[in-house]
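Before any comments, here is the structure.
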Amino acid sequence: MTYNELFSLEPLAFLTWLDKTFPTKVPDGIDTVSDMTNAAGQLLMFTNEYAYISELASLARILTRKAKREGRKSDYEDMVDKRDAIENKMSAIKQCYQGISRSITVRSENNEELRMLSSHYIA
């Protein structure tokens with residue numbers, strides 16, 4: 001979908017598109033090597049999504065100001081809604097990234113402590 005097509009959607013349809021295109025689901029836990037690999041992949045995905053959403057946010061700010069300057073009240077209000085939806089999605093993506101990153105860090109630290117303890121008792 002092009003930028004023009006996206007921003008021509010009604011605000012509710014735009015929000016639905018955001019939610020379907022950029023789901024913000026994180027794993028319930030990171031317990032296995034496979035979970036760790038999947039989590040690392042999700043971090044990369046969220047990074048790419050955040051970059052794209054940031055571009056959308058910049059364009060939304062420009063289009064919002066343009067609608068206001070041109071006195072198109074209804075378009076302006078719709079663009080404010082879309083801009084806010086984008087900013088909220090950016091925040092959600094950032095929170096998901098940070099949550100997964102913290103989980104990986106905690107899991108890695110726990111594994112390191114277990115390795116240290118087991119090497120201590122083996123020696």
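Please read all numbers here as calculations on a predicted model, not as lab measurements.
Rounded to the nearest 0.5 angstrom, Arg72 CZ and Ser74 OG are separated by 10.0 Å. To the nearest 0.5 Å, atom CG of residue Leu43 and atom CD1 of residue Ile100 are 5.5 Å apart. Glu49 contributes atom CD, which lies 6.0 Å from atom CZ of Phe46 (distance to the nearest 0.5 angstrom). Of the inter-residue distances, the one linking Met45 atom CE with Ile93 atom CD1 reads 8.0 Å to the nearest 0.5 angstrom. Residue Thr21 holds its OG1 atom at 8.0 Å from CG of Leu6, rounded to the nearest 0.5 Å. To the nearest 0.5 angstrom, Tyr50 atom OH is 13.0 Å from Phe22 atom CZ.
Counting only heavy atoms from C-beta outward, the side chains of Leu63 and Asp75 never approach each other to under 4.5 Å. For the pair Phe7 and Asp78, the minimum side-chain heavy-atom distance is 4.5 Å or more. By the 4.5 Å heavy-atom criterion applied to side chains, Met1 and Glu5 are counted as neighbours. Side chains of Lys89 and Asp19 form a contact here, defined as non-hydrogen atoms less than 4.5 Å apart. Residues Thr64 and Lys82 fail the side-chain proximity criterion, which asks for heavy atoms closer than 4.5 Å.
Crowding of Asp28 atom CG: a count of heavy atoms from other residues, nucleotides or ligands under 6.0 Å not exceeding 12.
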Next item on the list: Decide side-chain contact (heavy atoms from CB on, under 4.5 Å) for Ile86 and Phe14; before the verdict, give the C-alpha distance in whole Å, the side-chain angles of both, and the deciding distance to 0.1 Å.
Entry: CA-CA 9 Å; Ile86 291 167; Phe14 184 81; 3.6 Å; yes
Next item on the list: Show your reasoning for whether side-chain hydrogen bond (donor to acceptor under 3.5 Å, both in side chains) applies to Tyr3 and Glu55.
Entry: CA-CA 10 Å; Tyr3 288 142; Glu55 289 179 29; 3.0 Å; yes
Next item on the list: Carefully, step by step, assess Gln98 and Ser101 under the rule side-chain contact (heavy atoms from CB on, under 4.5 Å).
Entry: CA-CA 5 Å; Gln98 290 173 340; Ser101 180; 5.5 Å; no
Next item on the list: Just do the side-chain contact (heavy atoms from CB on, under 4.5 Å) check on Thr37 and Thr32 with the steps written out, would you?
Entry: CA-CA 9 Å; Thr37 301; Thr32 65; over 6 Å; no
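Criterion: ILVMFWY side-chain heavy atoms under 4.5 Å apart, direct or through other members. Under it, Ile62 and Met79 are not part of a common hydrophobic cluster. Hydrophobic clustering, with ILVMFWY side chains joined whenever heavy atoms are under 4.5 angstrom apart, keeps Ile53 apart from Val80. With hydrophobic clusters built from ILVMFWY side chains whose heavy atoms lie under 4.5 angstrom apart, Leu15 does not share a cluster with Leu59.
Using a distance-only test at 3.5 Å, with no hydrogens or angles considered, a donor-acceptor pair links the side chain of Arg107 to the main chain of Asp31. At distances below 3.5 Å, at least one donor-acceptor pair connects side-chain atoms of Ser8 with backbone N or O atoms of Asn4.
Summarising the geometry of Ala39 relative to Ile30, their closest heavy-atom pair is CB-CD1, 3.7 Å, with the distance given to 0.1 Å.
Side-chain polar atoms of Tyr97 and Gln42 form no donor-acceptor pair below 3.5 angstrom.
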